[in-house]
There are 2 protein chains.
Amino acid sequence: MDVDLDFGDDGLVPVVAQDADSGDVLMLAYADREAVERTRETGRAHYYSRSRDELWEKGATSGHTQEIEEVRVDCDADALLYVVDQTGGACHTGYESCFHRTLDGDVVGEKVFDPDETY
Amino acid sequence: MDVDLDFGDDGLVPVVAQDADSGDVLMLAYADREAVERTRETGRAHYYSRSRDELWEKGATSGHTQEIEEVRVDCDADALLYVVDQTGGACHTGYESCFHRTLDGDVVGEKVFDPDETY
């Protein structure tokens, strides 16, 4: 890659995933250098799971993969945007987007699958 | 606010700003509790500047303010989405979006102002 990414002190960059068709912001996660390289090599979104402390291919368990349309980098080269074709829903709770609630707790997003049948 | 936000060890949450009209992802920044409260009180996007180590009202210097349409929170309550009406461009380099480059360094975003005349 030509842009020199700034992975910071923890070796991670935040990644915004956006649906290529709807433009919806689907989720925010993190990637280390390996996850970015795997994303480019495979064309499928990879992240670094901070809770499991390991490389994480989105949808490897659920089947809700993200095919990469484009990876963009921000002006400071310390954040990424994955523009993706999302299969199923991005959120493990069954919603299309992880950002399905307002700050008041009102649900405004769309539920697209039943997590009990998926995981 | 009804959702109990997780500001983590550093007291910050990442915030994605999205243009309400175009759906474009404009920038990624961070907010502390005060920035979130000021955003809700004023209806204008506030962040926490990690480089200047202070509360930051977007556009206070440039005039390129962000009027808040909605604030959404993700499933883990550790990331926010500001849906905004962006005046001018979000990026200090003059582009509409900070995510105006691919990983290869190709410029794919639109330049909307001259930073030399703004700052």
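In the text below, chain A, chain B and the rest are named by the order of the sequence lines, each starting its count at 1.
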Asks: Is there a path of hydrophobic side-chain contacts, each under 4.5 Å between heavy atoms of I/L/V/M/F/W/Y residues, joining B/Y30 to A/L12?
Replies: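 Shared cluster, yes.
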Asks: So, taking the atom named CG in A/D74 and the one named CZ in B/R101, what distance separates them when rounded to the nearest 0.5 Å?
Replies: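 Rounded to the nearest 0.5 Å, the CG-CZ separation comes out at 7.5 Å.
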Asks: Check each atom of A/V25 against the heavy atoms of chain B and say whether the ones under 4.5 Å are side chain, backbone, both or neither.
Replies: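 Contact with chain B involves both backbone and side-chain atoms of A/V25.
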Asks: Picking from A/S22, A/G105, A/P14, which has the most non-hydrogen pairs under 4.5 angstrom with chain B?
Replies: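 Looking at each option in turn, the highest pair count goes to A/P14.
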Asks: Heavy-atom distance under 4.5 Å between the side chains of A/R40 and B/D104, does that happen here?
Replies: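 Side chain of A/R40 against side chain of B/D104, heavy atoms only: contact under 4.5 Å found.
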Asks: Are B/I68 and B/L26 linked, directly or through other ILVMFWY residues, by side chains that come within less than 4.5 angstrom of each other?
Replies: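 Per the 4.5 Å side-chain linkage, B/I68 and B/L26 are co-clustered.
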Asks: With a 4.5 Å cut-off on side-chain heavy-atom distances among I, L, V, M, F, W and Y, is there a chain of contacts connecting A/L28 to A/W56?
Replies: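 A/L28 and A/W56: separate clusters.
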Asks: Find out if a path of hydrophobic residues (ILVMFWY) with successive side-chain heavy-atom gaps under 4.5 Å connects A/V83 to A/V73.
Replies: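 Shared cluster, no.
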Asks: So how far is it from B/M27 CE to A/L81 CG, rounded to the nearest 0.5 Å?
Replies: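 So the CE of B/M27 and the CG of A/L81 are separated by 14.0 Å.
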Asks: Taking transitive links into account, so neighbours of neighbours count too, which hydrophobic residues share a cluster with B/Y95 at under 4.5 Å side-chain distance?
Replies: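 The other cluster members (ILVMFWY side chains, heavy atoms under 4.5 Å, direct or chained) are B/V107.
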Asks: Only pairs at least two apart or in different chains count here, so list each ring pair (Phe, Tyr, Trp, His ring centres under 6.0 Å) that has a residue in residues 68-93 of chain A.
Replies: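 Non-adjacent pairs meeting ring pair (Phe, Tyr, Trp, His ring centres under 6.0 Å): A/Y47-A/Y82.
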Asks: Which distance, rounded to the nearest 0.5 Å, do you find between the CZ of B/F99 and the CD of A/E70?
Replies: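 Result: 12.5 Å between the selected atoms.
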Asks: Report yes if some heavy atom in the side chain of B/V36 is under 4.5 Å from a heavy atom in the side chain of A/L103; otherwise report no.
Replies: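 Counting from C-beta outward, B/V36 and A/L103 do come under 4.5 Å.
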Asks: Got B/D78 and A/R50 here, is their nearest side-chain heavy-atom distance under 4.5 Å?
Replies: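 Side-chain contact under 4.5 Å: yes.
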Asks: Return the option, out of B/S97, B/A77, B/G23, B/C98, with the maximum number of heavy-atom pairs under 4.5 Å with chain A.
Replies: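 Looking at each option in turn, the highest pair count goes to B/C98.
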Asks: Given a strict heavy-atom distance threshold of 4.5 Å, which part of B/D106 is in contact with chain A: side chain, backbone, both, or neither?
Replies: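 Neither part; nothing is under 4.5 Å.
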Asks: Can you tell if the side chain of A/V3 reaches within under 4.5 Å of the side chain of B/T102, non-hydrogen atoms only?
Replies: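 A side-chain contact under 4.5 Å is absent here.
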